[in-house]
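Note that the structure is a prediction, hence the values are computed from the model and not measured. One-based numbering, in listed order, for ligands and for the atoms of each.
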Amino acid sequence: MICLGPCRLCTPMIYHSKDLKMKKSNAKVVVVGGGAGGLASVASLQKRAASLDITIIEPSDKHYYQPGWTLVGAGVFQPGKTVRSMDAIWPKDANRIKDRVTIFEPDNNLVVLGSGQSVSYDILIVAPGLTLGWDQIEGLEDALGRNGVTSNYRFDLAPYTWKLVQEMAGKEAIFTQPAMPIKCAGAPQKAMYLSCDSWLKRGALSGIHVTFASAIDVLFGCKPYVSPLMEYIDYYGIDLQFKMELIKVDADKKLATFKTQSEDQAPVLIERDFDMLHVCPPQRAPDFVKNSPLANKGGWLDVDPHSLRHKTYENIFGVGDICGTANAKTAAAVRKQAPVVAQNILLTLEGKSLLNGYDGYGSCPLTVEKGKIILAEFGYEGKLMPTFPWDSTKARKSAWVLKKHLLPIVYWEMMLKGREWP
Ligand SMILES: Cc1cc2nc3c(=O)[nH]c(=O)nc-3n(C[C@H](O)[C@H](O)[C@H](O)COP(=O)(O)OP(=O)(O)OC[C@H]3O[C@@H](n4cnc5c(N)ncnc54)[C@H](O)[C@@H]3O)c2cc1C
């Protein structure tokens, strides 16, 4: 039997490579999401093959530089430094559909939009990020932004974090972390260290009981960084509480409820008063991915960890937080993934073998003091991958300069414009 194109008989593979090859000159590439991963992949593709017909489906008018929100929450960045209008950064020659994808039909090479319209593709890049589960904690959505409840995980709330830090007059500050995976796994701690640093500098820290309440039982997933972080936990006198999962917030009573376990593993509920509560919400794969044929068992996009191509559908690729891969979900990971995705799309269209080019690199600049950072950089299986020839487990002023001054330029001017930095 000869397969001439999109083929329902030979599912789950839709295209054979030779069918895609015939389409290279005018292949239609559709991208789900115009965030860090979507736009960086498009930039890397256009740099290599300007003639491709690219359409990006993105509902938002704004694009956010989320790594900057930690510094907004510490009063270092103004919020405006972390947002640009989509119009201002939209890749030249890429079509735009202002809508959201609701359904994948990979057997028909179609995505369905909120409007009901279907969009067909030859190649699909899936990059819608992840869903922040504010709704998974009772009372949280109502509490955010008032009575001391905040989160650097929202653009509009990061300035409130800084307001609370400056005005903190109470005794109890709690910083929470949910179960993994989350984007930028260090971000809940970063908010805490920078708050402690401010309180220490104004002589208030000794009067504040600071708790880090984490649903998991390790401080950081990559082991070599745990010990230097523990030194900061001790330095600031932080009360480290593992297996404490935030399940409810009552902003009016300023009361947080945690689920934990007794010594014999029985579930126990603990209520804690707070004056300031910084919440990192639980995070999950978006429902439209989770409930699609593209998802793995956990609901994430089922891609090969090195080529980033879908394990079942040869003409679908993933980039960014949506990928069901074991790397740290960071923009730094996207910076390394986007060129791999771009090259592998072109190789697919040429009928050639793919590059297994992504090594799991991700990075988390741990802002342990205002002015010093432990620049955690690691790949799959926790392999340390420092960019610079230094001991990356040490807190450094130069890493702070990198985060504050250079990385925003790398993001806006390089990553989103196809100027790839190794
Ligand atoms: C507080 C905080 C601190 C962080 N710190 C760092 C850091 O220091 N270093 C670092 O490298 N990373 C950091 N990150 C993580 C980094 O921002 C993310 O990993 C990165 O943005 C992921 O890119 P993405 O394209 O997968 O998702 P996003 O950038 O979130 O983009 C997803 C896009 O998809 C769109 N979309 C959603 N649903 C749909 C749909 N149904 N249809 C079409 N489009 C859709 C969205 O509107 C959005 O534009 C941090 C994140 C946060 C929140």
Trainee: Considering both backbone and side-chain atoms of Tyr153, is one of its nitrogen or oxygen atoms within less than 3.5 Å of a nitrogen or oxygen in ligand 1?
Mentor: no
Trainee: Hey, would you say the His306 and Tyr358 ring centroids sit under 6.0 Å apart?
Mentor: no
Trainee: Pick, from Arg100, Glu58, Gln337, the option with the minimum heavy-atom distance to atom 35 (C) of ligand 1.
Mentor: Glu58
Trainee: May I ask you to establish whether Lys81 and Phe77 are in a cation-pi arrangement, using a distance under 6.0 Å from NZ or CZ to the six-membered ring centre and at most 45° from the ring axis?
Mentor: yes
Trainee: In the protein, which heavy atom is nearest to atom 16 (C) of ligand 1, and how far is it?
Mentor: Ala331 N, 3.5 Å
Trainee: Looking only at side-chain N and O atoms, does His209 offer a donor or acceptor that is under 3.5 Å from a partner on Asp239?
Mentor: yes
Trainee: Kindly confirm or rule out an N or O of Ala332 lying under 3.5 angstrom from an N or O of ligand 1.
Mentor: yes
Trainee: For atom 4 (C) of ligand 1, which candidate among Gly37, Ala338, Cys184, Ser60 holds the nearest heavy atom?
Mentor: Cys184
Trainee: Using 30° and 60° as the class limits, which term best fits the ring planes of Trp390 and Phe388: parallel, tilted or perpendicular?
Mentor: tilted
Trainee: Just to confirm my output: which protein heavy-atom neighbour is closest to atom 29 (O) of ligand 1, and how far is it?
Mentor: Ala36 N, 3.2 Å
Trainee: Are Glu350 and Arg48 within salt-bridge range, i.e. N to O under 4.0 Å?
Mentor: no
Trainee: Say whether Asp107 and Tyr313, considering side chains only, have a donor N or O and an acceptor N or O under 3.5 Å apart.
Mentor: yes
Trainee: Checking the side chain of Thr211 only, and the main-chain atoms of Ala213 only, is there a donor and an acceptor separated by less than 3.5 Å?
Mentor: no
Trainee: Evaluate the salt bridge (Lys or Arg N to Asp or Glu O under 4.0 Å) criterion for residues Lys171 and Asp273: first the C-alpha distance (whole Å), next the side-chain angles of each, then the deciding distance (0.1 Å), finally the verdict.
Mentor: CA-CA 10 Å; Lys171 282 201 165 20; Asp273 295 317; over 6 Å; no
Trainee: Enumerate the atoms of ligand 1 whose separation from the nearest heavy atom of Ala127 is less than 4.0 angstrom.
Mentor: 32 (C), 33 (C), 34 (O)
Trainee: What atoms of ligand 1 come closer than 4.0 angstrom to any heavy atom of Ile57?
Mentor: 43 (C), 44 (N)
Trainee: Looking only at N/O atoms, are Val334 and ligand 1 under 3.5 Å apart anywhere?
Mentor: no
Trainee: Which heavy atom of the protein is the closest neighbour of atom 41 (N) of ligand 1, given with residue, atom name and distance?
Mentor: Val101 O, 3.0 Å
Trainee: Decide whether Thr161 and Asn152 meet the rule of one side-chain donor and one side-chain acceptor closer than 3.5 Å.
Mentor: yes
Trainee: Considering only the protein, which heavy-atom contact is closest to atom 27 (O) of ligand 1, and what is its distance?
Mentor: Gly129 CA, 3.5 Å
Trainee: Within less than 4.0 angstrom of ligand 1, does Lys403 place any heavy atom?
Mentor: yes
Trainee: Would you mind listing which atoms of ligand 1 come within a distance below 4.0 Å of any non-hydrogen atom of Gly320?
Mentor: 26 (O)
Trainee: Per the side-chain contact (heavy atoms from CB on, under 4.5 Å) rule, which among Val30, Val31, Ile123 passes with Ile54?
Mentor: Val31
Trainee: Could you list the atoms of ligand 1 found under 4.0 angstrom from a heavy atom of Phe288?
Mentor: 40 (C), 41 (N)
Trainee: Which protein heavy atom lies closest to atom 37 (C) of ligand 1, and at what distance to 0.1 Å?
Mentor: Pro128 O, 3.4 Å
Trainee: Among all protein heavy atoms, pick the one closest to atom 20 (C) of ligand 1 and tell me residue, atom and distance.
Mentor: Asp321 OD2, 3.9 Å
Trainee: Using distance alone, decide if ligand 1 has a nitrogen or oxygen within less than 3.5 Å of any nitrogen or oxygen in Trp69.
Mentor: no
Trainee: Return the closest protein heavy atom for atom 7 (C) of ligand 1 as residue, atom name and distance.
Mentor: Pro67 CB, 3.5 Å
Trainee: Would the Trp69 and Tyr64 ring centres measure less than 6.0 Å apart?
Mentor: yes
Trainee: Can you check whether Tyr225's main-chain N or O pairs, donor with acceptor, with Thr393's side chain at less than 3.5 Å?
Mentor: no
Trainee: Give the atom numbers and elements of ligand 1 that come within less than 4.0 Å of a heavy atom of Lys190.
Mentor: 5 (N), 7 (C), 8 (O)
Trainee: Going by the closest heavy atom to atom 51 (C) of ligand 1, which one wins out of Gln66, Lys98, Arg154, His63?
Mentor: Gln66
Trainee: Ignoring hydrogens, just give me the one of Gly38, Pro286, Pro59, Ala191 whose non-hydrogen atom is nearest atom 45 (C) of ligand 1.
Mentor: Pro59
Trainee: Do any nitrogen or oxygen atoms of Thr70 come within less than 3.5 Å of a nitrogen or oxygen of ligand 1?
Mentor: no
Trainee: Check each atom of ligand 1 against the heavy atoms of Pro365 and keep those under 4.0 Å away; list them by number with element.
Mentor: 7 (C), 8 (O), 9 (N)
Trainee: Ignoring hydrogens and geometry beyond distance, is a side-chain donor-acceptor pair present between Gln66 and Lys183 at under 3.5 Å?
Mentor: yes
Trainee: Are Asp197 and Lys201 ion-paired here, with the side-chain N under 4.0 Å from a carboxylate O?
Mentor: yes
Trainee: Give yes if a backbone or side-chain nitrogen or oxygen of Asn152 is under 3.5 Å from a nitrogen or oxygen of ligand 1, and no if not.
Mentor: no
Trainee: Provide the number and element of each atom of ligand 1 under 4.0 Å from a heavy atom of Gly33.
Mentor: 34 (O), 35 (C), 43 (C), 44 (N)
Trainee: Should we count CD of Glu381 as having more than 12 external heavy atoms under 6.0 Å?
Mentor: no
Trainee: Among all protein heavy atoms, pick out the one at the shortest distance from atom 31 (O) of ligand 1; state its residue, atom name and that distance to 0.1 Å.
Mentor: Gly35 CA, 3.2 Å
